[in-house]
Amino acid sequence: MRTVKVNLDKKSSSSYEIRIGKDILDRITLLIAKDHKAGRYVVITDNGVGMLYGKKFIHALKDIGLNASIIEFPAGEASKNINTVLEIAGKLMESGADRETCLIALGGGVVGDIAGFVASIFMRSVPYIQIPTTLVAQVDSSIGGKTGVDFSFGKNLLGTFYQPGAVFVNLSFLETLPEKEFNNGLAEIIKYGIIDDEKMFSNLEANIDALRTKDPKFLLSVVENCCQIKKSVVEIDEKDHGLRRILNFGHTLGHALEAMSKFSITHGEGVAMGMVAAARISEKKGYLKSNETKRIETLIGKAGLPVKIPKSLDTEKIIAKLKMDKKRKGGIINFVLLKKIGMPFIDGKIDHNLIAAVIEEMKQ
Ligand SMILES: NC(=O)c1ccc[n+]([C@@H]2O[C@H](COP(=O)([O-])OP(=O)(O)OC[C@H]3O[C@@H](n4cnc5c(N)ncnc54)[C@H](O)[C@@H]3O)[C@@H](O)[C@H]2O)c1
């Protein structure tokens, strides 16, 4: 089992460890019992993950003498709202949970964000542990303490920064993950290579097939690498005031495309298109060399992710959506651009005509 330590400013948050390995469920339960003592453990999960792993995990906790129960909610982004938070809090009260209770988020990013949010507000906060089961959650959402739910005004608008006590990444969960969900994670992995680590990017270029077929050794090294990158960014900018924004590479346009397609474009697909667009914009502004744009597009394509924007999406409407988001965010949309692979920077003033031109180009 590999360990990555997240070192945070002791005045505001405690540091914690990310443990990564394959077939480590039994060791996870033992580590929980040893290092995260609590009077009661409540596993929060969605019905999809609950059906696959809920019973087994609860049994494993009970087998070593822990007081454990489970709360499930319907899988999917539609559950990520304040009503689910209230339902979970109600069930916690009914089951006698108190401040000695530890929550365990077992699931993808939706479960992690909701369970973390509940943990941050239930009885003025109880500890929680992240056990991510999607690739997105294993390389991204379970690390860094951003919790929250969506609101009628937009995504992730109600939330807190609240760090978990530990993150346990069991790669075996990925064996049951549908390909579309796995590809969402691939987009985030490629993003890390582009924004932080040219060596990792080259490694992905050479071994993308091994990653797509979940070669255990390569998958372990890549996931560990991503956790290292995410934790380094979070250590410097825990509360998202500056550097952490580079993690949004490809996301500004990606989110707009997802929303415009009424979510028939997945998050990973939107980010993939957004990353290609950001690379092309960087090149057109004279920052990025054309061979690097080409490398980015080729890798994204080889990962099974889209590099073209569907013709059915109206460019004007996409730009209008970006402008609306910009208004909501105080007049600035932080577009993350590239000087080269591994060297991102933030540009708050991208001409909409340039974005429109790149979108049109990407429809060809
Ligand atoms: N907090 C953060 O820093 C952060 C970062 C990135 C994304 N997010 C959030 O994460 C969410 C997306 O997370 P996600 O992509 O993990 O989606 P998700 O949590 O919706 O999971 C996707 C689907 O996969 C199923 N699933 C999960 N694990 C499985 C497994 N091992 N086998 C089979 N099926 C499994 C789930 O039941 C669900 O239907 C978004 O709400 C996003 O806002 C948060």
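The figures here come from the full heavy-atom set of this structure, side chains too, leaving out hydrogens, waters and symmetry mates. Both ligands and their constituent atoms are indexed starting at 1 by order of listing. Keep in mind that what you see is a predicted model, and the values were worked out from it rather than measured.
A salt bridge links Glu235 with Lys231: at least one charged nitrogen is closer than 4.0 Å to a carboxylate oxygen. Using a 4.0 Å cut-off between charged side-chain N and carboxylate O, Lys155 and Glu258 make no salt bridge. Electrostatic pairing of Lys340 and Glu198 does not count as a salt bridge here, judged by no charged N lying under 4.0 Å from a carboxylate O. Comment: Glu283 does not engage Arg280 in a salt bridge, judged by the lack of any side-chain N to carboxylate O separation of less than 4.0 angstrom.
Heavy atoms of Asn184 found under 4.0 angstrom from ligand 1: none, in either backbone or side chain. Only side-chain heavy atoms of Glu181 come within less than 4.0 Å of ligand 1; its backbone N, CA, C and O stay farther off. Here Leu174 has no heavy atoms under 4.0 Å from ligand 1, in either its backbone or its side chain. Counting heavy atoms closer than 4.0 Å to ligand 1, residue Asp113 contributes side-chain atoms (C-beta onward) but none from N, CA, C or O.
The two residues Val110 and Gly76 come nearest to each other via the heavy atoms CG1-O, 3.7 Å.
Atom 32 (N) of ligand 1 has its closest protein heavy atom at Thr176 OG1, 2.7 Å. Among protein heavy atoms, atom 26 (N) of ligand 1 sits closest to Val49 CG2, 3.8 Å. At the top of the distance list for atom 38 (C) of ligand 1, counting protein heavy atoms only, stands Asp46 OD2, 4.0 Å. Closest to atom 16 (O) of ligand 1 among all protein heavy atoms lies Thr134 OG1, 2.6 Å. Closest to atom 7 (C) of ligand 1 among all protein heavy atoms lies Ser141 CB, 3.9 Å. Protein heavy atom at the shortest distance from atom 34 (N) of ligand 1 is Pro178 CD, 3.9 Å. Regarding atom 20 (O) of ligand 1, its nearest protein heavy-atom neighbour is Val110 CG2, 3.3 Å. If you check which protein heavy atom lies closest to atom 35 (C) of ligand 1, you get Leu177 CD1, 3.7 Å.
Residue contacts with ligand 1: Arg244 is placed with no nitrogen or oxygen under 3.5 Å of a nitrogen or oxygen of the ligand (distance criterion only).
Listed by number with element, the atoms of ligand 1 under 4.0 angstrom from any heavy atom of Ala75 are 37 (O), 39 (O). For ligand 1, the atoms closer than 4.0 angstrom to any heavy atom of Asp140 are 5 (C), 6 (C). The contact set between ligand 1 and Lys230, taken as ligand atoms under 4.0 Å from a residue heavy atom, comprises 3 (O). Residue-ligand proximity, Leu52 to ligand 1, at heavy-atom distances under 4.0 Å covers atoms 32 (N), 33 (C). Residue-ligand proximity, Phe173 to ligand 1, at heavy-atom distances under 4.0 Å covers atoms 30 (C), 31 (N). Heavy-atom proximity to Lys155, at under 4.0 Å, picks out these atoms of ligand 1: 40 (C), 41 (O), 42 (C), 43 (O). Near Lys80, meaning under 4.0 Å from any of its heavy atoms, are these atoms of ligand 1: 9 (C), 40 (C), 41 (O), 42 (C), 43 (O). If you number the atoms of ligand 1 from 1 as listed, the ones under 4.0 Å from a heavy atom of Asn156 come out as 43 (O).
Glu72 is not listed as a side-chain neighbour of Met51, based on a closest heavy-atom distance of 4.5 Å or more. The shortest distance between side-chain heavy atoms of Leu354 and Lys285 falls below 4.5 Å. At least one side-chain heavy atom of Gln138 sits less than 4.5 Å from a side-chain heavy atom of Leu171.
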Requested in this report: Determine, step by step, whether Thr176 and Tyr53 satisfy the side chain to side chain donor-acceptor pair (under 3.5 Å) criterion, reporting the C-alpha distance in whole Å, the side-chain angles of both residues, the deciding distance to 0.1 Å, and the verdict.
Outcome: CA-CA 10 Å; Thr176 54; Tyr53 302 108; 2.6 Å; yes
Requested in this report: Applying side chain to side chain donor-acceptor pair (under 3.5 Å), run through Glu360 and Thr315 and close with a yes or a no.
Outcome: CA-CA 7 Å; Glu360 280 298 314; Thr315 302; 2.5 Å; yes
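Between His251 and His255, the ring-plane angle classifies as perpendicular under the 30° and 60° cut-offs. Relative orientation of the Tyr128 and Tyr162 rings is parallel, given thresholds of 30° and 60° on the angle between their planes.
A salt bridge (Lys or Arg N to Asp or Glu O under 4.0 Å) with Glu205 is found for one member of Lys199, Arg295, Lys294 and no other, namely Arg295.
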